[in-house]
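One structure below.
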Amino acid sequence: MTPEEILQRLYDETLVGNAPEVLDLTRHALEQNMEPQTLLFDALIPSLEEVGARFERGDFFVPEMLIAGRAMAGAMEVLRPLLAETGVQTIGKFLMGTVKGDVHDIGKNLVNIMLEGAGFEVIDLGVQVAPEKFVSNIIEHKPDIVGFSAFLTTTMPMFKANMNALQKAGLRDEVIVMVGGAPVTQEYADAVGADGYAPDASATVKKAKDLLQKKRALVNA
Ligand code: B1M
């Protein structure tokens, strides 16, 4: 198979949620020295975007979304150590979670991998994280940055609930807050009073580094 054929098959098999085949193709592609980023950005992510488009059109339903998501997650397990490969020292602590009411985690996990790859220590609270859990973990782990992910318009309001919980616990000024997820925009991030927003995993790394640098410069001034 040529690299183009591998990418096409990876896209097609992810689309139909054929997890064993997706895993085999991922391993095969790596054996052929294809880049993990190429598999991610030229096959796996576009395939899930197509899954979402088909769901919106009514051609796919939740089970199809679920099996496609699982197939991608299986490939991510193989790609994770390669994407996160780094010799960099820890540059900061990032506490991450998908907000209460929301079970999407593929995008959040990808952001975590990229953050780890850039040298952040990531503490992942998983999905359906309630405001109180964010608060108790900020107290316990003292992260530099806390990240809230939301993937549904119906769960985005949890950002505000989380911000209120941080405020109430006296933690708002202790930690930088970043938000993200498919339906989130810069305007929405501003409206809830977050310090930063990023549309994708690599932009999150850049933004997180910027915000951390600014905060440290302020503290040392
Ligand atoms: Co859901 N789902 N889903 N789903 N699902 C979406 C999100 C949807 C857009 C599909 C669609 O209609 N086109 C739609 C939301 C519409 C909306 O509200 N705007 C939707 C819906 C409606 C639902 C249900 C309500 C369906 C139902 O039950 N009727 C239901 C809700 C369940 C719940 O959470 N309570 C549901 C369920 C599911 C599954 C469980 C079946 C499965 C999730 C599996 C899993 O995550 N473990 C699933 C899937 C797979 C999807 C789609 C197809 C793919 C999501 C994905 O993984 N994308 C999705 C369609 C789509 O996104 N096009 C869809 C790939 C991923 C790499 O991208 O998640 O955007 P993304 O992450 C990006 C950025 O957002 C950003 O970086 C990531 C990497 O680049 N980012 C951050 C993420 N977090 C960040 C944090 C940051 C910064 C950046 O700072 C802190």
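Atoms within a ligand are numbered from 1 in the order they appear, just like the ligands themselves. Here, residue 1 is the first one in the sequence, and each next residue gets the next number.
Distances shorter than 4.0 angstrom occur between a heavy atom of Pro199 and an atom of ligand 1.
The salt bridge (Lys or Arg N to Asp or Glu O under 4.0 Å) test applied to Asp105 returns no partner, not counting sequence neighbours.
The shortest N or O to N or O distance between Thr153 and ligand 1 is under 3.5 Å. Considering backbone and side-chain atoms alike, Gly101 places an N or O below 3.5 Å from some N or O of ligand 1. The shortest N or O to N or O distance between Lys108 and ligand 1 is not below 3.5 Å. By the 3.5 Å distance cut-off applied to N or O atoms, Ala201 is counted among the residues near ligand 1. The N/O atoms of Ala182, backbone and side chain alike, include one that comes under 3.5 Å of an N/O atom in ligand 1.
Atom 1 (Co) of ligand 1 has His104 NE2 as its protein N, O or S neighbours under 2.8 Å.
Under a 4.0 Å criterion applied to the non-hydrogen atoms of Asp105, ligand 1 contributes the atoms 45 (C), 46 (O), 47 (N).
Among all non-hydrogen protein atoms, the one lying nearest atom 65 (C) of ligand 1 is Leu48 CD1, 3.9 Å.
Summarising the local packing, CG of Asp173 is surrounded by 12 or fewer heavy atoms from other residues, nucleotides or ligands at distances under 6.0 Å.
Checking side-chain atoms of Thr98 against main-chain N and O of Val127 turns up no donor-acceptor pair under 3.5 Å. No donor-acceptor pair under 3.5 Å is formed between the side chain of Thr204 and the backbone N or O of Ala198.
The presence of a protein heavy atom under 4.0 Å from atom 56 (C) of ligand 1 is confirmed. For atom 38 (C) of ligand 1, a protein non-hydrogen atom is found at a distance below 4.0 Å. Of the protein's heavy atoms, at least one falls inside 4.0 Å of atom 85 (C) of ligand 1.
Cluster partners of Val219 are absent, since no Ile, Leu, Val, Met, Phe, Trp or Tyr has side-chain heavy atoms less than 4.5 Å from it. Under a 4.5 Å side-chain heavy-atom cut-off, the cluster of Ile, Leu, Val, Met, Phe, Trp and Tyr residues that includes Val135 is completed by Leu95, Val99, Ile123, Leu125, Val129, Phe134, Ile138, Ile139, Val146, Phe148, Met156, Met158, Phe159, Met163, Leu166, Leu171, Val175, Val177, Val179, Val184, Tyr188, Val192, Tyr197.
By heavy-atom distance, the residue among Val103, Val111, Ile67, Asp200 lying nearest atom 33 (C) of ligand 1 is Val103.
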